[in-house]
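For reference, the structure discussed in these notes is given below.
Just the heavy atoms: all of them, side chains too, but no hydrogens, waters or symmetry mates, feed the values below. Labels below follow one simple rule: chain letters A, B, ... track the order of the sequence lines, proteins then strands, and each chain is numbered from 1.
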Amino acid sequence: DAMVIQNPRYQVTQFGKPVTLSCSQTLNHNVMYWYQQKSSQAPKLLFHYYDKDFNNEADTPDNFQSRRPNTSFCFLDIRSPGLGDAAMYLCATSGGTGTGDHEQYFGPGTRLTVT
Amino acid sequence: AQSVTQPDIHITVSEGASLELRCNYSYGATPYLFWYVQSPGQGLQLLLKYFSGDTLVQGIKGFEAEFKRSQSSFNLRKPSVHWSDAAEYFCAFSGGYNKLIFGAGTRLAVHP
């Protein structure tokens, strides 16, 4: 089945220790998104890629970076995690408005704990 | 400003009762509308979507939603709730710029 896969599902890192979260998709979608979701809140968009075009949200801290080496994979790098970065990180994909596909398909998320 | 309002933060219903979750949006045109459901510790699953055409849309798990342009609303309904429907429900819209605008969510609890 075509899907969005996130690894790992649970990640524990130490305060200040860089961490990378991974997302892959088999949908061949143009757009890949990273969201941060804290408890009892809506997902907050950090950034998205349209193909290789990177789009950062204005309020995304510099501590968060992303890489998309190819269509299938996208990575979220947190350079120096703080306690406030503990959250669920959701990856999503969509075909993109150019295809008429506005729906976003979500992965299961990675729960990040910072100790 | 573009926004989505879900007025109810928490709703509790009895199993077998009907359900309506409210959603209002603010946007200058007709948006693409979505309802997603999220179980604890899981990602978001699409329940249904409205792009155009029939304003009453059917989704998965017995859910439906009705788009009312005059009220800028897209309320989610289910005639008979099951205990497994307990989850967080998010209304969202896309204005066509590859982004979703989410509401704050409604947490549904189901009493046996």
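No salt bridge links B/D85 with B/K61; every basic N to acidic carboxylate O contact stays at or beyond 4.0 Å. Ion pairing between B/E66 and B/R77 holds under the 4.0 Å rule for side-chain N and carboxylate O. Taking the charged nitrogens against the carboxylate oxygens, A/E57 and A/K44 have no contact shorter than 4.0 Å, which rules out a salt bridge.
Using a 4.5 Å cut-off between heavy atoms, B/Q45 does not touch chain A at all. With a threshold of 4.5 angstrom between heavy atoms, B/L44 approaches chain A through its backbone and through its side chain. Looking at A/Q37, only its side chain comes within 4.5 Å of chain B, counting heavy atoms on both sides.
The backbone N or O of B/L56 lies less than 3.5 Å from a partner atom in the side chain of B/D54, making a donor-acceptor pair. Looking only at distances, no side-chain donor or acceptor of B/Q58 sits under 3.5 Å from a matching main-chain atom of B/G62.
No hydrogens or angles considered: a donor-acceptor pair under 3.5 Å links the side chains of A/S94 and A/Y33.
Between B/Y36 and B/F90, the ring center distance fails the sub-6.0 Å criterion. Checked against the 6.0 Å centroid threshold, B/F34 and B/F51 count as a close aromatic pair. For B/Y50 and B/F93, the gap between ring centers reaches or exceeds 6.0 Å. The aromatic ring centres of A/F47 and A/F54 sit less than 6.0 Å apart.
Residues of residues 65-93 of chain A that come closer than 4.5 Å to chain B, counting heavy atoms only, are A/M88, A/L90, ordered by residue number. Scanning residues 104-115 of chain A against chain B with a 4.5 Å non-hydrogen threshold yields A/Q104, A/F106, A/G107, A/P108, sorted by number.
Distance check: A/Q11 CD to A/L21 CG gives 6.5 Å after rounding to the nearest 0.5 Å.
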